[in-house]
J.: 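Provided herewith is a single structure, encoded as structure tokens, for subsequent inquiry.
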Amino acid sequence: MKHLHSAAVVVFLLTILSPVSPLNAQTTLYTWTDAKGRVHITDTPPPPDAKIKDVVEQAELPPAEARQLQNQQQQRVESRLDEQRRTEAEEALRRAREADEEARAAVQRAEEQTREAIEYRKRFGNTPSRRQEFKYKIRAEEEKAIQSQAEAQRAVERAQALSEAARTAVGPATPPKP
């Protein structure tokens with residue numbers, strides 16, 4: 001979500017700053033060297049003691065071309081944002097699918113452990129004396145089943161949360177732009 005917010009800010013700034021962009025005015029770029037030998041590229045004229053290497057002038061674009069360039073630039077930004085949203089949604093869906101598989105496996109393990117605990121109780125607890133003799137082992141098997149069920153419940157809740165996050169990332173179905 002941070003990426004979407006920062007991308008939205010970029011689009012907003014491009015929209016606001018585009019009327020004052022160099023595309024809408026005549027631009028002159030100067031390449032010059034100062035007294036210390038450093039090369040500078042500026043849009044302001046160099047100082048009188050500078051050694052000018054190059055002056056590049058770009059004529060003002062007609063308003064129609066400037067708008068067209070702005071539209072193209074905005075479309076590229078929107079396209080990148082759409083691709084980023086798609087990538088994030090696909091990643092969220094992948095995580096949700098993995099969590100769902102993990103939850104299914106955990107539920108299956110819990111069911112298996114519960115069956116084993118029931119079988120263990122039937123096998124070693126069929127008489128009061130055997131129940132007394134194997135009560136700790138029976139209790140241990142039942143505890144394993146309870147722990148497996150708790151793990152399965154946590155896995156199911158995680159899968160539900162990731163599924164909801166994926167639904168949010170995918171967002172409402174919007175018709176394609178003409």
J.: Measuring from atom CZ of Arg130 to atom CD1 of Ile138, what distance do you get when rounded to the nearest 0.5 angstrom?
T.: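 CD1 of Ile138 is found 9.0 Å from CZ of Arg130.
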
J.: Assess whether atom CD of Glu91 is packed by more than 12 heavy atoms of other residues, nucleotides or ligands within 6.0 Å.
T.: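 It does: Glu91 CD has more than 12 such atoms within range.
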
J.: Between Arg85 and Glu88, is there a salt bridge with N-O shorter than 4.0 Å?
T.: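 No salt bridge links Glu88 with Arg85.
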
J.: Do Gln153 and Glu157 get their side chains close enough for a donor-acceptor pair, meaning under 3.5 Å?
T.: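 The answer is yes; a qualifying pair exists.
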
J.: Under the rule for salt bridge (charged side-chain N to carboxylate O under 4.0 Å, His left out), what residues qualify as partners of Glu98, not counting sequence neighbours?
T.: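 In terms of salt bridge (charged side-chain N to carboxylate O under 4.0 Å, His left out), with neighbours along the sequence ignored, Glu98 is linked to Arg94.
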
J.: Hydrogens and angles aside, do Arg131 and Thr127 bring a side-chain donor and acceptor to less than 3.5 Å of each other?
T.: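 Result is no, nothing qualifies.
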
J.: Drop me the distance from Ser148's OG to Glu116's CD, to the nearest 0.5 angstrom.
T.: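 It comes to 9.0 Å.
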
J.: Would you indicate whether the side-chain heavy atoms of Glu111 and Gln149 approach each other to under 4.5 Å?
T.: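 No, too far: nothing below the 4.5 Å cut-off.
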
J.: Can you pull the salt bridge (charged side-chain N to carboxylate O under 4.0 Å, His left out) pairs that have at least one residue in residues 141-154, sequence neighbours excluded?
T.: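 Sorted pair list: Arg121-Glu142, Glu141-Lys144.
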
J.: Enter the distance from Glu83:CD to Thr87:OG1 here, rounded to the nearest 0.5 Å.
T.: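 Interatomic distance, Glu83 CD to Thr87 OG1, rounded to 0.5 Å: 4.5 Å.
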
J.: Could you give the distance from CG (Leu162) to CZ (Arg97), rounded to the nearest 0.5 Å?
T.: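 Leu162 CG to Arg97 CZ: 12.0 Å, rounded to 0.5 Å.
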
J.: Take Gln72 and Gln68, measure what side-chain contact (heavy atoms from CB on, under 4.5 Å) needs, and give me the verdict at the end.
T.: CA-CA 6 Å; Gln72 288 173 346; Gln68 183 180 12; 3.8 Å; yes

J.: Under the 3.5 angstrom rule, does the side chain of Thr114 hit a backbone N or O of Ala110 as a donor-acceptor pair?
T.: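 Here the side-chain-to-backbone pair exists.
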
J.: Can you name the ring-ring contact (aromatic ring centres under 6.0 Å, His included) partners of Tyr120, sequence neighbours left out?
T.: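 So Tyr120 forms a ring-ring contact (aromatic ring centres under 6.0 Å, His included) with Phe124.
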
J.: Regarding Arg115 and Glu119, does a basic nitrogen lie under 4.0 Å from an acidic carboxylate oxygen?
T.: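 Salt bridge flag = no for Glu119 with Arg115.
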
J.: Identify the heavy atoms of Arg158 and Ala99 that sit nearest to each other, and give their distance.
T.: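 Residues Arg158 and Ala99, closest heavy atoms: NH1-CB, 3.5 Å.
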
J.: Sequence neighbours left out, what passes salt bridge (charged side-chain N to carboxylate O under 4.0 Å, His left out) with Arg38? Give chain and number order.
T.: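 Listed in chain order: Asp34.
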
J.: Go through the structure and list residues passing salt bridge (charged side-chain N to carboxylate O under 4.0 Å, His left out) with Arg80, not counting sequence neighbours.
T.: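 For Arg80, no residue satisfies salt bridge (charged side-chain N to carboxylate O under 4.0 Å, His left out) once neighbours in sequence are set aside.
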
J.: Return the CG to CZ distance between Leu81 and Arg86, rounded to the nearest 0.5 Å.
T.: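 Rounded to the nearest 0.5 Å, the CG-CZ separation comes to 11.0 Å.
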
J.: Arg104: what forms a salt bridge (charged side-chain N to carboxylate O under 4.0 Å, His left out) with it, not counting sequence neighbours?
T.: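 Expected list: Asp100.
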
